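Reviewing the structure listed below.
Please read these numbers as outputs of a predicted model, since none were measured by experiment.
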Amino acid sequence: MSTSGPDVTISTLTPRATATHRAIITEVTVTPVAFADPPLLNSVGVHEPFALRAIVVVRTADGVYGLGETYGDEAHVTRLNRAAALLIGADAFNINQISALVAESLLEDQGLGGHGTGGMVTTTSLQDRVLSAFDVAALDIQGKILGVPVSTLLGGAVRDEVAFSGYLFYKWAGHPGQSPDAWGGAVDPAGIVAQARKMVNDYGFTALKLKGGVFEPEIEAATIEALREAFPEMPLRIDPNGVWTVQTAIKVGKRLEPVLEYLEDPCLSIADNAAVRAAVNLPIATNMCVVSFNDVPPAIAAGAVDIVLSDHHFWGGLRRSQGLASIAETFKLGLSMHSNSHLGISFAAMIQLAAATKNIDYACDTHWPWKLASDDVIVPGVLEIKDGSVKVPTKPGLGVELDEEALERMHQQYLKCGLTKRDDTTYMQSIQPDFQLTTPRW
Ligand SMILES: [Mg+2]
């Protein structure tokens with residue numbers, strides 16, 4: 001028997017691992033960071049000049065470290081720190097144990113509020129949101145100890161590269177008071193077509209998604225039609241983040257039936273999306289009305305959606321996301337991935353998960369092109385979008401390395417920027433005082 005492998009204790013319900021082995025967690029740090037974000041418009045306002053993330057670094061007795069990345073809102077960071085304190089002494093191979101300790105850390109959670117997703121995802125599971133970054137970090141450690149990539153731990157890679165869609169946003173040329181960014185403005189169909197050309201030229205995307213819910217549906221439908229004219233073969237999607245009424249969604253959906261690959265969250269509720277789906281001959285996708293395991297039975301019963309856009313940040317990490325993939329397979333739902341503004345650790349986790357998930361049926365979403373290449377906490381050069389896809393890292397664990405100096409620099413940026421939670425609406429109202437948060441709006 002080999003002595004070089006880990007001495008793993010197979011335990012599922014013990015509150016603490018007692019064996020001394022290489023995967024015992026001895027230190028967990030949670031570091032909020034900020035990175036520059038362009039003024040991307042959405043239904044709840046506009047992205048602020050900085051996006052926030054929390055970087056989780058879990059270290060073991062033998063000096064192996066694992067990385068996780070999640071939302072950077074203050075309340076979420078507080079919860080992460082409470083969980084981190086309980087994880088000392090736990091076994092990085094025992095995710096059931098880590099999950100139980102996260103649950104324990106959330107017992108006294110009154111009044112914290114806030115969930116870090118900018119008001120758009122309201123019924124996600126608190127425990128799954130907190131667990132996610134620790135699950136990813138634990139898998140990173142496991143992979144490093146065993147000498148295999150996370151995709152192997154998740155059952156084995158079924159693909160060498162993962163396809164992503166070009167994520168188009170209506171946007172201003174720059175934040176008020178700042179010079180225009182490299183992308184320039186896009187506040188009409190021609191602007192979005194120009195942005196799409198740059199996306200496709202720079203990254204080779206073979207599918208395009210438009211973030212809608214910003215302008216009158218008539219303008220947004222015309223934008224999709226302009227994209228179709230410019231890119232006759234390209235799969236196209238639009239996501240108004242649930243701000244259309246059923247009536248509007250049916251009208252726009254019927255108009256775009258010949259054009260769209262799928263329609264994402266036309267309305268907010270399961271019932272309303274079911275009504276749209278019954279009337280429109282388009283697949284309906286969601287990352288808003290099916291956002292936790294609790295949402296799955298009613299959504300399936302109502303026939304609300306065709307495609308679930310998973311997101312390991314709120315589905316409880318990579319293993320729980322695989323559980324969702326099995327449900328999608330069982331109920332013949334399509335599956336792809338949702339994205340928030342993120343850094344390289346999240347990207348690596350998404351890629352490892354997608355690599356090991358048979359039924360990823362569509363190019364996944366990513367905000368990757370919207371951040372500066374210099375703004376990251378990982379050593380650069382591993383994750384590159386080429387021909388619309390990213391090669392799956394094959395090094396042990398997630399396949400990315402922490403850049404300690406960059407982590408410190410981006411933490412200082414967090415302290416300096418003054419933001420402590422994502423709030424697109426208040427920022428928009430500081431620029432356009434008459435902006436109202438209304439759902440549905442049209
Ligand atoms: Mg969405």
Side-chain angles (χ1 to χ4, degrees), residues 10 12-13 68 70 93-100 102-103 121 123-140 142-143 146 148-164 262 264-265 270 273-274 277 283-339 346 348-366 392 398:
I10 306 298
T12 53
L13 294 172
T70 178
F93 275 83
N94 193 336
I95 289 174
N96 287 329
Q97 181 192 29
I98 291 170
S99 178
V102 166
V121 183
T123 59
T124 55
S125 152
L126 177 64
Q127 186 180 342
D128 281 330
R129 288 201 308 276
V130 177
L131 171 61
S132 174
F134 300 114
D135 165 276
V136 172
L139 287 166
D140 192 19
Q142 292 175 26
L146 294 170
V148 296
V150 166
S151 64
T152 297
L153 299 172
L154 299 178
V158 295
R159 52 183 69 83
D160 303 331
E161 51 183 40
V162 174
F164 288 90
Y262 60 70
E264 181 174 332
D265 287 309
I270 285 172
N273 281 321
R277 183 168 174 267
I284 303 296
T286 187
N287 65 273
M288 297 185 79
C289 75
V290 182
V291 293
S292 70
F293 289 95
N294 289 339
D295 297 325
V296 175
I300 288 174
V305 298
D306 300 275
I307 301 156
V308 177
L309 305 173
S310 69
D311 184 328
H312 73 267
H313 303 90
F314 57 72
W315 284 93
L318 306 188
R319 289 223 183 264
R320 303 252 306 152
S321 295
Q322 285 197 300
L324 174 64
S326 293
I327 290 171
E329 188 180 15
T330 303
F331 289 93
K332 299 192 165 41
L333 295 170
L335 186 72
S336 189
M337 272 191 205
H338 162 258
S339 150
S346 282
M350 292 161 72
I351 290 162
Q352 295 287 350
L353 174 62
T357 305
K358 286 180 291 179
N359 51 328
I360 288 286
D361 304 302
Y362 301 89
C364 300
D365 288 346
T366 178
V392 181
L398 291 171

* To do: For S321 and W315, indicate whether the former's side chain and the latter's backbone hold a donor-acceptor pair under 3.5 Å.
  => no
* Decide if atom CG of D160 counts as having more than 12 heavy atoms of other residues, nucleotides or ligands within a radius under 6.0 Å. => no
* Over all atoms of both residues, closest heavy-atom pair of S336 and A363 -> OG-O, 3.4 Å
* Kindly determine whether Q127 and S99 satisfy side-chain hydrogen bond (donor to acceptor under 3.5 Å, both in side chains), including the steps that lead there. => CA-CA 8 Å; Q127 186 180 342; S99 178; 3.2 Å; yes
* To do: Using a 4.5 Å cut-off on heavy atoms from C-beta on, say whether the side chain of V305 contacts that of Y262.
  => no
* Asked: About how many Å separate CZ of R277 and OG1 of T286, when rounded to the nearest 0.5 Å?
  -> 12.0 Å
* Can you check whether F164 reaches I351 side chain to side chain, under 4.5 Å on heavy atoms? -> yes
* Determine whether D265 and L309 make a side-chain contact, defined as any pair of heavy atoms from C-beta on separated by less than 4.5 Å. => no
* Asked: Donor-acceptor pair, D361 side chain versus L335 backbone, under 3.5 Å?
  -> yes
* Asked: E264 side chain to A285 main-chain N or O, any donor-acceptor pair under 3.5 Å?
  -> no
* Asked: Given L333, which of I300, D306, L324, I307 fulfils the side chain to side chain contact (heavy atoms under 4.5 Å, CB included) condition?
  -> I300
* Using modelled atom types only, decide if a donor and an acceptor are shared between the side chain of S132 and the backbone of H312 within a distance under 3.5 Å. => yes
* To do: Of all the heavy-atom pairs spanning T70 and R129, show the shortest one and how long it is.
  => OG1-O, 4.2 Å
* Could you tell me whether the side chain of V296 reaches within less than 4.5 Å of the side chain of V290, counting heavy atoms only? => yes
* Minimum-distance pair of heavy atoms, taken over all atoms of A274 and A302 -> CB-O, 3.4 Å
* Can you check whether T357's main-chain N or O pairs, donor with acceptor, with R159's side chain at less than 3.5 Å? -> yes
* Can you measure from CG (D128) to CG (D311) and round to the nearest 0.5 angstrom? => 11.0 Å
* Asked: To the nearest 0.5 Å, what is the distance between CG (L153) and CZ (R319)?
  -> 6.5 Å
* Asked: Atom NE2 of H338 and atom OG of S310: how far apart are they, to the nearest 0.5 Å?
  -> 10.0 Å
* To do: Kindly compute the distance separating CD (Q142) from CG (N94), expressed to the nearest 0.5 Å.
  => 9.0 Å
* To do: Check whether any side-chain N or O of T152 sits under 3.5 Å from a backbone N or O of V148 as a donor-acceptor pair, and report yes or no.
  => no
* **Check: S339 main-chain N/O paired with D365 side-chain donor or acceptor under 3.5 Å** => no
* Which pair of heavy atoms, one from F93 and one from L146, lies closest together, and at what distance? -> CE2-CD1, 3.8 Å
* **Heavy-atom side-chain contact between I360 and V162 under 4.5 Å** => no
* Would a 4.5 Å heavy-atom cut-off, applied to side chains only, mark F293 and R320 as touching? -> yes
* **Minimum-distance pair of heavy atoms, taken over all atoms of L318 and A349** => CD2-O, 3.9 Å
* To do: Specify the closest pair of heavy atoms between A356 and S151, including all atoms of both residues, with the distance to one decimal.
  => CB-O, 3.6 Å
* Asked: Does the side chain of D135 come within less than 4.5 Å of I98's, by heavy atoms?
  -> no
* Asked: Looking at CD of E329 and CD of Q322, how far apart are the two atoms once the value is rounded to the nearest 0.5 Å?
  -> 11.5 Å
